[in-house]
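Quick note: numbers below take in every heavy atom, side chains included, and nothing from hydrogens, waters or symmetry partners.
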Amino acid sequence: HAMTYFTGVNRSACTAWSPLAGQESYFVCGTAAGSTDANFDTSAHLETFDVDLSGKEHTLQPKYKVELPDRVHSITWGAAGAAGIIAAGFPSGSISFIDAACVTGQKRSFETETIANSSKHDTPVSCAKFNAIQPQIMASGAENSEVFIWNLAKPENPVAYAPGTAPASSEAITDLQWNGQVPHILGTVSQSGRVIVWDLRNKRPVIQFTDRSGKLKSCKTISWNPKNSMQLVTASEDDSSPVVQVWNLRNTQMPISTLEGHTQGVWSTSWCPHDNRYLLSTGKENRAICWDVEAAAVVHDIPLRSEWNSSIQWSTQMQATFSVSSYQEQVGIYSIHDVRGKENERGEIIDHSHPPSWLRRPAGATFGFGGKIATVDGSSVHIKSVVSHPELLDKAAAIQEIVDLDDHQQYCNDRIEKSQSEEDKDIWKFFAAQFEQDAREAILKQISMSRADARNAVQLLQSEEQEEFEAKQEEADQQEDTEVTEETKETKEEDVSDLFAGSADDPFGGSNQDNPFGGFGDEDPFSSMGATAEQDEWDQLGSENSNSLSLDAPDEKQSQSRVSIIDMASKTGNTLHFLQGASKNEQILIRNILLKNYDEAIECCFRLNRAADALVLALSSNDRELIQQTQARYFSSLPKDSPMHFVDRLSRNKLREIIAESNVDEWKCTLAI
């Protein structure tokens with residue numbers, strides 16, 4: 001058999017596969033609403049099962065079990081955090097967000113099993129899905145046509161947003177699905193088969209359509225092509241036309257293909273995430289069909305152990321594995337063993353020559369241990385030894401010895417002693433400095449930038465007048481020795497090359513704090529979402545289709561592209577100087593600024609009568625206490641009759657002092673304050 005049932009569990013449940021690597025064999029079951037067992041048990045649980053891939057048919061036993069406040073209409077498992085988050089939608093309209101660690105045996109990220117509850121919906125939550133690209137984002141749909149987008153950047157405080165202004169409708173949202181290529185595109189389908197595709201970045205329905213042929217009379221499922229962002233499928237649950245329709249959103253006048261093979265209504269579809277040629281569909285009958293979408297043909301007719309199958313899902317992590325949930329208290333796990341079909345009930349041989357991607361070899365060659373490579377040439381197999389760049393082996397071994405050393409600093413010191421040139425010595429001195437306990441201090445010492453020396457130099461500062469007098473005297477004494485020709489000056493200017501161009505527009509500054517659940521905070525998660533490679537295609541969508549709704553997107557700001565430092569240096573109109581050309585006192589000031597000795601730098605400014613520069617430096621330090629001290633020193637340096645003294649009181653909110661000390665004749669100014 002091409003597809004074989006090999007395990008399952010006796011439950012009427014909503015299910016979801018784990019989206020995380022390392023937990024690929026896990027899936028979760030939530031007791032389905034509207035069902036009961038032979039004992040009329042009304043309890044509700046969330047259970048986790050670990051699929052045994054040994055191939056032996058058996059019944060699964062739950063590994064972990066958590067009680068739920070009610071039975072569920074929908075279950076989804078998102079990849080945010082270490083173990084992920086499970087969202088359960090209830091008939092009451094509430095949604096519970098559950099730490100998946102409590103049902104996977106991992107260390108919990110939160111104190112309680114249920115992270116948060118929300119009652120944003122007023123009617124049963126019929127569907128919910130996490131965004132695979134932005135795992136902290138989830139969408140939910142309800143039976144009163146409501147759709148909400150959830151931001152779980154802070155899972156304990158989820159925030160819900162409306163996707164935009166929806167067309168007036170009271171139809172139930174039966175299914176929704178995120179686009180697998182463009183993170184801000186969401187597709188929803190209602191009971192009547194109306195499909196709405198949302199562009200959440202622009203908060204608008206980019207397109208909506210229905211089947212004009214009348215075959216899609218009622219719909220409960222929508223699925224996106226995982227590799228083609230412009231292609232989706234819908235299916236009819238009506239027994240008179242149980243078809244699956246494939247749509248290209250560039251033209252929604254009619255489906256690009258209609259897949260016919262079911263004899264009763266189709267309730268669920270799932271597009272294979274590992275090979276987008278394959279699509280699964282199932283429904284009221286005790287069978288599922290695997291389709292080759294490109295060929296619009298049946299690949300496999302799969303007999304199931306149940307009817308009234310509400311959901312079929314490919315595993316997101318395990319290739320060739322899928323689950324089927326049924327209202328007949330059955331959850332079955334199936335697997336593909338080969339690509340050959342079998343004879344169906346009508347005596348037709350179903351076969352297809354296109355192997356799934358997980359069975360295809362990328363090339364007729366494979367590497368083995370010891371540099372061996374096996375290649376296929378027709379019916380012959382050749383095994384060869386391959387040694388590429390043998391001269392690199394000795395160098396690689398030498399590098400590995402260095403990496404394995406415990407004392408890297410001693411190694412650098414040894415290289416300094418063995419270096420033949422001063423340039424090589426300087427290079428290894430810089431490497432050695434990286435392994436010092438205070439690497440920055442060691443590097444500053446290497447380039448003769450000492451914090452202590454810079455601080456001590458402040459005490460030697462002279463006033464600007466004294467410095468100017470000594471400069472003139474020195475110029476008079478050395479006038480004959482300082483004559484420089486224009487040619488020498490030009491040569492000196494040509495030797496100057498400085499690629500530093502610090503500015504507020506520096507594209508290399510700034511960093512975002514890590515957040516395991518995303519970084520949107522409490523803001524609208526789609527208000528600042530960047531454009532993608534698919535943007536132009538989506539922005540232009542809808543204008544050519546009379547059967548679609550298309551609204552004009554708002555103008556977007558052109559994002560500035562990052563440029564390299566070399567490009568910035570080539571375009572700059574001036575060169576930034578530090579010590580070159582600065583006076584003796586200015587050099588002391590600049591050294592303290594470069595070494596971030598803000599206290600000493602501000603002291604320099606006051607000694608040099610540069611109070612404005614002192615204020616700027618204080619603000620640059622981001623030290624509130626230093627800013628207040630500098631302001632106080634600045635105001636105390638002003639003459640007693642300076643009109644700026646009232647600014648001192650105003651900055652400290654001393655309004656009573658202003659009133660008490662103000663000139664009565666200027667009462668209008670006092671009143672204005």
Side-chain angles (χ1 to χ4, degrees), residues 13-20 23 26-33 44-48 64-143 146-163 173 176-178 183 186 200 316 515-526:
C14 298
T15 62
W17 287 96
S18 169
L20 301 172
Q23 300 177 4
Y26 277 50
F27 75 97
V28 66
C29 290
T31 309
H45 299 94
L46 185 70
E47 300 171 297
T48 304
Y64 302 95
K65 192 173 185 178
V66 175
E67 288 191 10
L68 293 175
D70 198 358
R71 298 194 169 195
V72 301
H73 268 311
S74 58
I75 284 283
T76 182
W77 192 340
I85 297 176
I86 297 171
F90 299 104
S92 63
S94 65
I95 298 177
S96 289
F97 298 98
I98 302 164
D99 183 6
C102 69
V103 290
T104 57
Q106 292 181 276
K107 182 179 180 181
R108 295 186 183 181
S109 303
F110 303 91
E111 295 181 0
T112 58
E113 295 169 348
T114 300
I115 306 168
N117 291 296
S118 178
S119 300
K120 189 72 174 176
H121 290 287
D122 298 325
T123 56
V125 181
S126 55
C127 49
K129 295 287 172 56
F130 275 99
N131 191 317
I133 303 175
Q134 298 284 351
Q136 72 275 19
I137 303 299
M138 189 194 82
S140 62
E143 292 187 1
E146 284 183 334
V147 175
F148 286 113
I149 311 302
W150 298 83
N151 179 9
L152 295 173
K154 298 178 180 177
E156 65 278 5
N157 185 28
V159 183
Y161 305 92
I173 300 296
L176 53 77
Q177 192 80 33
W178 291 99
L186 174 73
L200 298 177
T316 56
N515 185 341
F517 294 96
F520 292 125
D522 292 329
E523 298 179 357
D524 185 345
F526 298 99

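- Pairing each heavy atom of Ile85 with each of Ala100, the nearest pair is N-CB, 4.3 Å.
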Side-chain donor-acceptor distances from residues 76-83 under 3.5 Å, at least two apart:
from  : atom 1 : to     : atom 2 : distance (Å)
Thr76 : OG1    : Phe130 : N      : 3.3
Trp77 : NE1    : Ala83  : O      : 3.3

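- Of the possible donor and acceptor atoms, one in the side chain of Asn131 sits under 3.5 Å from a partner among the backbone N and O of Pro183.
- Taking the six-membered ring for Trp, Phe97 and Trp150 have ring centres closer than 6.0 Å.
- Across Thr15 and Cys29, no two heavy atoms sit closer than the pair CG2-SG, 3.6 Å.
- If you check the side chains of Asn117 and Ser96, you find a donor sitting under 3.5 Å from an acceptor.
- With a 4.5 Å cut-off on side-chain heavy atoms, Tyr161 and Asn151 count as touching.
- Atom-to-atom distance recorded for Thr48:OG1 and Gln23:CD is 9.0 Å, nearest 0.5 angstrom.
- Lys129 NZ to Trp178 CH2: the interatomic distance, rounded to the nearest 0.5 Å, is 11.5 Å.
- Here the side chains of Val28 and Thr104 are not in contact, with every heavy-atom distance at 4.5 Å or above.
- Ala88 and Ile75 get closest at one heavy-atom pair: CB-CD1, 3.7 Å.
- Listed here is the closest heavy atom pair of Ser94 and Val125: O-CG2, 3.9 Å.
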Q.
Show, in sequence, the C-alpha distance, side-chain angles and deciding distance for Thr31 and Val72, and conclude whether the side-chain contact (heavy atoms from CB on, under 4.5 Å) test is met.
A. CA-CA 6 Å; Thr31 309; Val72 301; 5.9 Å; no
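- Side-chain atoms of Thr316 come within 3.5 Å of backbone atoms of Ser18 as a donor-acceptor pair (strictly under, hydrogens ignored).
- Of the N and O atoms on the side chains of His121 and Ser140, at least one donor lies less than 3.5 Å from an acceptor on the other residue.
- Pro91 places a side-chain heavy atom less than 4.5 Å from the side chain of His73.
- Listed by chain and residue number, Arg11, His45, Phe49, Pro62, Lys65 satisfy the side chain to side chain contact (heavy atoms under 4.5 Å, CB included) test with Glu47 (two or more places apart in sequence, or in another chain).
- Taken to the nearest 0.5 Å, the CD atom of Gln136 stands 8.0 Å off from the CG atom of Leu152.
- Annotation: side chain of Pro163 is not in contact with side chain of Leu186 (no heavy-atom distance under 4.5 Å).
- Between Ile98 and Leu68 the shortest side-chain heavy-atom distance falls below 4.5 Å.
- Using a 4.5 Å heavy-atom cutoff, the side chains of Val103 and Ile86 are in contact.
- Residues Met138 and Ile95 have side chains in contact (heavy-atom distance under 4.5 Å, counting atoms from C-beta outward).
- Contact detail for Leu20 and Gly84: the closest heavy-atom pair is CD1-N, 3.8 Å.
- Counting heavy atoms from C-beta outward, Ile173 and Val147 have side chains that approach closer than 4.5 Å.
- In this structure, Ser74 contributes its side chain and Ser126 its backbone to no donor-acceptor pair below 3.5 Å.
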